[in-house]
Amino acid sequence: MSGLVEVTREGRVALLRLNRPKQLNALNAALAAELVATVRALDADTSVGCMVVTGSDRAFAAGADIAEMADMSAEAMSEADYFGEWMDFANARTPKIAAVQGYALGGGCELMMMCDFAIAGQGAKFGQPEIKLGVVAGIGGTQRMTKLIGRARAMDMHLTGRMMEAAEALSAGLVARVVPDDEVLAEAMKAAAEIAGYARPVVRLAREAVMRAEEASLAEGLLYERRLFHQLFGTAAQREGMAAFLEKRPPRFNEA
Ligand code: HXC
């Protein structure tokens, strides 16, 4: 690992900080590979209950690295399946919270949307400016943004390439919370600790059930959720959670 992603641990929470600040955390192939490998490893570690992904105070990430991509051919892009490994980031079963300050543009905005939700600073700016570079989004921006904020708003962002401020992103549903810039990381770490305190298998199922809403019909999604709910009555987490409530004490999860 070459230090493009700094990992620190706080209890059951892993904090991943993108570390190319001079390039505004532009996502080159090396950073992408390191980030995806890091997330794969943390996802397999049962002592990790939640991840927080963050950047610098100036930029979460300003997009894919334009200098690296500029001279690539279509054949080379296709042969390398350029950024195809991001699927593993998105599909990691451990929840990921994006803690966003500054720019989240292009691939940076897409990275944020691959996280399960985002907490942004008041000064954060979001955009899919690929159209200005003569390309389109390539790591899910047209799909995930449309699911999150609807076709009209997603069209506006992808066709004009304009930036969206944090307040608009909150009202549109692109981010879950907006807080003062200097409170973003603390707020994200607090939310992550809360999630990591719940039963890990149940958190994973809850996440999967919500993600299912993007893939399945309503009837299929409702049945899936109800079956999960039934099955959880065979788990220690359900027994502990409900017993703790009835005994008026905090639940003790994850104490293997
Ligand atoms: C490579 C980048 C970069 C990027 C910034 N830098 N964004 N390098 N790729 N995406 C570099 C700049 O070249 C500069 O390096 C340094 O970071 C600081 O940036 P400045 O432009 O000097 O800063 P500022 O004037 O404050 O402007 C900030 C900015 C601007 C508005 C964010 O940098 C910008 O527009 N960046 C490009 C955003 C973008 O188009 N993103 C989409 C990329 S395409 P030097 O060496 O000059 O100091 C994409 C496709 C995804 O993401 C799909 C992939 C498959």
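For this chain, numbers begin at 1 and follow the sequence in order. Counting convention: from 1, in listed order, for ligands and their atoms alike.
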- Within a distance under 4.0 Å of any heavy atom of L105, pick out the atoms of ligand 1 and give their elements. 32 (C), 38 (C)

- In terms of side-chain heavy atoms, does T146 have a donor or acceptor partner in R153 at a distance below 3.5 Å? no

- Is any NZ, NE, NH1 or NH2 atom of the basic residue among D45 and R9 found under 4.0 Å from an Asp or Glu carboxylate oxygen of the other? yes

- Task: Scan the protein's non-hydrogen atoms and note whether one is under 4.0 Å from atom 52 (O) of ligand 1.
- Result: yes

- atom 13 (O) of ligand 1 touched by protein (heavy atom, under 4.0 Å): no

- Message: Would you say atom 45 (P) of ligand 1 makes contact with the protein, given that contact here means a non-hydrogen protein atom less than 4.0 Å away?
- Response: no

- Message: Within the structure, is a non-hydrogen atom of E68 found at a distance of less than 4.0 Å from ligand 1?
- Response: no

- Note on the structure: The reported gap from CD in E110 to CG in L105 (rounded to nearest 0.5 angstrom) is 11.0 Å

- atom 35 (O) of ligand 1 touched by protein heavy atom at under 4.0 Å: no

- Query: Would you say ligand 1 has an N or O under 3.5 Å from any N or O of M163?
  - Reply: no

- Under a 4.0 Å N-O cut-off, is there an ion pair linking R207 with D116? yes

- Within the structure, does at least one protein heavy atom fall under 4.0 Å of atom 30 (C) of ligand 1? no

- Note on the structure: of all protein heavy atoms, closest to atom 3 (C) of ligand 1 is A26 CB, 4.0 Å

- For ligand 1, which atoms have a heavy atom of G107 less than 4.0 angstrom away? 49 (C), 51 (C), 52 (O)

- atom 21 (O) of ligand 1 touched by protein (heavy atom, under 4.0 Å): no

- Item | Proximal candidate to atom 38 (C) of ligand 1 [heavy atom criterion; set A59, G106, A62] | A62

- Query: For atom 23 (O) of ligand 1, what's the nearest protein heavy atom and its distance?
  - Reply: R58 NH2, 3.1 Å

- Protein heavy atom under 4.0 Å of atom 27 (O) of ligand 1: no

- With a cut-off of 4.0 Å, which atoms of ligand 1 are near a heavy atom of K22? 16 (C), 17 (O), 18 (C)

- Task: Would you check whether E110 has a nitrogen or oxygen atom less than 3.5 angstrom from a nitrogen or oxygen atom of ligand 1?
- Result: no

- Task: Below 4.0 angstrom from a heavy atom of P129, which ligand 1 atoms are there? Numbered from 1 as shown, please.
- Result: 39 (C), 40 (O), 41 (N), 42 (C)

- Message: Quiz question: by atom type and distance under 3.5 Å, do the side chains of S2 and E34 form a donor-acceptor pair?
- Response: yes

- K132: heavy atom below 4.0 Å from ligand 1, yes or no? no

- Provide the number and element of each atom of ligand 1 under 4.0 Å from a heavy atom of L133. 40 (O), 43 (C), 44 (S)

- Task: Decide side chain to side chain contact (heavy atoms under 4.5 Å, CB included) for Q143 and M113; before the verdict, give the C-alpha distance in whole Å, the side-chain angles of both, and the deciding distance to 0.1 Å.
- Result: CA-CA 10 Å; Q143 306 304 298; M113 293 188 285; over 6 Å; no

- Evaluate the 4.0 Å heavy atom contact test for atom 48 (O) of ligand 1: does a protein atom fall under the cut-off? no

